[in-house]
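Since we're looking at a predicted model, the values are computed, not measured. Computed over heavy atoms, backbone and side chain alike; hydrogens, waters and symmetry mates excluded.
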Amino acid sequence: MPSFLLALAFLFVLSLVSNATPFFGASYTLVATTELVSIGFGLDSFALIVFVTALGATLGKLFIYAGAVGFRRTLQSNKNIRLLGQWLGKAGFYVALFVTALIPVLPLDDYVYLGAGANRARLAPMLGVTFLAKLSKSAFEILLEFSGILGVAFYTQRYLGFSRLDLSIILSLALIVLGVGIYKLDWEKWIDLVRRKKPTTAPSRPGV
């Protein structure tokens, strides 16, 4: 039992740290699955691991929010942050937060928390939505990884010589680069471009 509690504490810290830095995408669920395999699958242990990792991932977003508040003036110079500020508090904003917090691998919810912190959005409802999304995400990913559907780590270790730690580091670095690139994109320009490309109904020809 003490070893399991230590494992839970480790998973909590890992999930918190991996979500406390913008665009840092270390796979805490993969490590959680490894712990679950080592102790043996059980409903109680599975539920506790899901809860602890979801809680850590949610609380990690507090650091991103607080950092965005501290660097508010700098972030406000970014058009995307100002665009997010116009959307805060609306129902669609919380739906988008839930979806981005649920999407695996890509830490898209970091953008939402950066925009929210820079615009001083209400934090409590955001944390509630994020926790529900992270619960679903942890449960889904750990079940998939435990059942062997996601065997990427096994094959990379066997054929390429990468360990799970190596794979996590490579993935994290790649996601940081991708995250900064997406942050610097002009989102409003791309949204306008998509809107212009929507097909319009052709006018009906007058009868002869």
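With contacts defined as side-chain heavy-atom distances shorter than 4.5 Å, the pair Thr33/Ile49 does not qualify. For the pair Phe98/Leu132, a side-chain contact is recorded, criterion being any heavy-atom separation below 4.5 Å from C-beta on. Between Ser45 and Leu36, some side-chain heavy-atom pair lies under the 4.5 Å cut-off.
If you run side chain to side chain contact (heavy atoms under 4.5 Å, CB included) between Val129 and each of Asp109, Leu97, Val99, Thr58, only Leu97 comes through. Screening Thr29, Leu6, Val31 for a side chain to side chain contact (heavy atoms under 4.5 Å, CB included) involving Leu11 leaves a single residue, Val31.
Under the 3.5 Å distance criterion, the side-chain polar atoms of Lys134 are left unmatched by any main-chain donor or acceptor of Leu102. A donor-acceptor distance shorter than 3.5 angstrom exists from the side chain of Tyr113 to the backbone of Met126, with no hydrogens or angles considered.
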CA sep, side-chain torsions, deciding dist, call: Leu108, Tyr111, side-chain contact (heavy atoms from CB on, under 4.5 Å)
CA-CA 6 Å; Leu108 298 177; Tyr111 296 105; 3.9 Å; yes

Would Phe71 and Leu114 count as a side-chain contact (heavy atoms from CB on, under 4.5 Å) if you check the C-alpha gap in whole Å, the side-chain angles of each, and the deciding distance to 0.1 Å?
CA-CA 10 Å; Phe71 290 94; Leu114 283 173; over 6 Å; no

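To the nearest 0.5 angstrom, Ile142 atom CD1 is 11.0 Å from Glu35 atom CD. Taking OG of Ser15 as the reference point, atom CG of Leu59 lies at 8.5 Å (rounded to 0.5 Å). Expressed to the nearest 0.5 Å, how far CD of Glu141 lies from OG of Ser136 amounts to 11.0 Å. The line from OG1 of Thr130 to CG of Leu55 is 12.0 Å long, rounded to the nearest 0.5 Å.
Considering every non-hydrogen atom in both Ile64 and Asn19, the closest pair reads CD1-O, 3.3 Å. Considering all non-hydrogen atoms of both residues, Ala101 and Lys137 come closest at O-CD, 3.4 Å. Nearest heavy atoms, Ala118 versus Ala68: N-CB, 3.7 Å. Across all their heavy atoms, Tyr65 and Ala121 have their closest contact at OH-O, 2.5 Å.
In the displayed structure, Phe51 atom CZ is contacted under 6.0 Å by at most 12 heavy atoms of other residues, nucleotides or ligands. Applying the 6.0 Å contact sphere to CZ of Phe63 captures no more than 12 heavy atoms from other residues, nucleotides or ligands.
Between the side chains of Ser138 and Thr53, at least one donor N or O lies within less than 3.5 Å of an accepting N or O.
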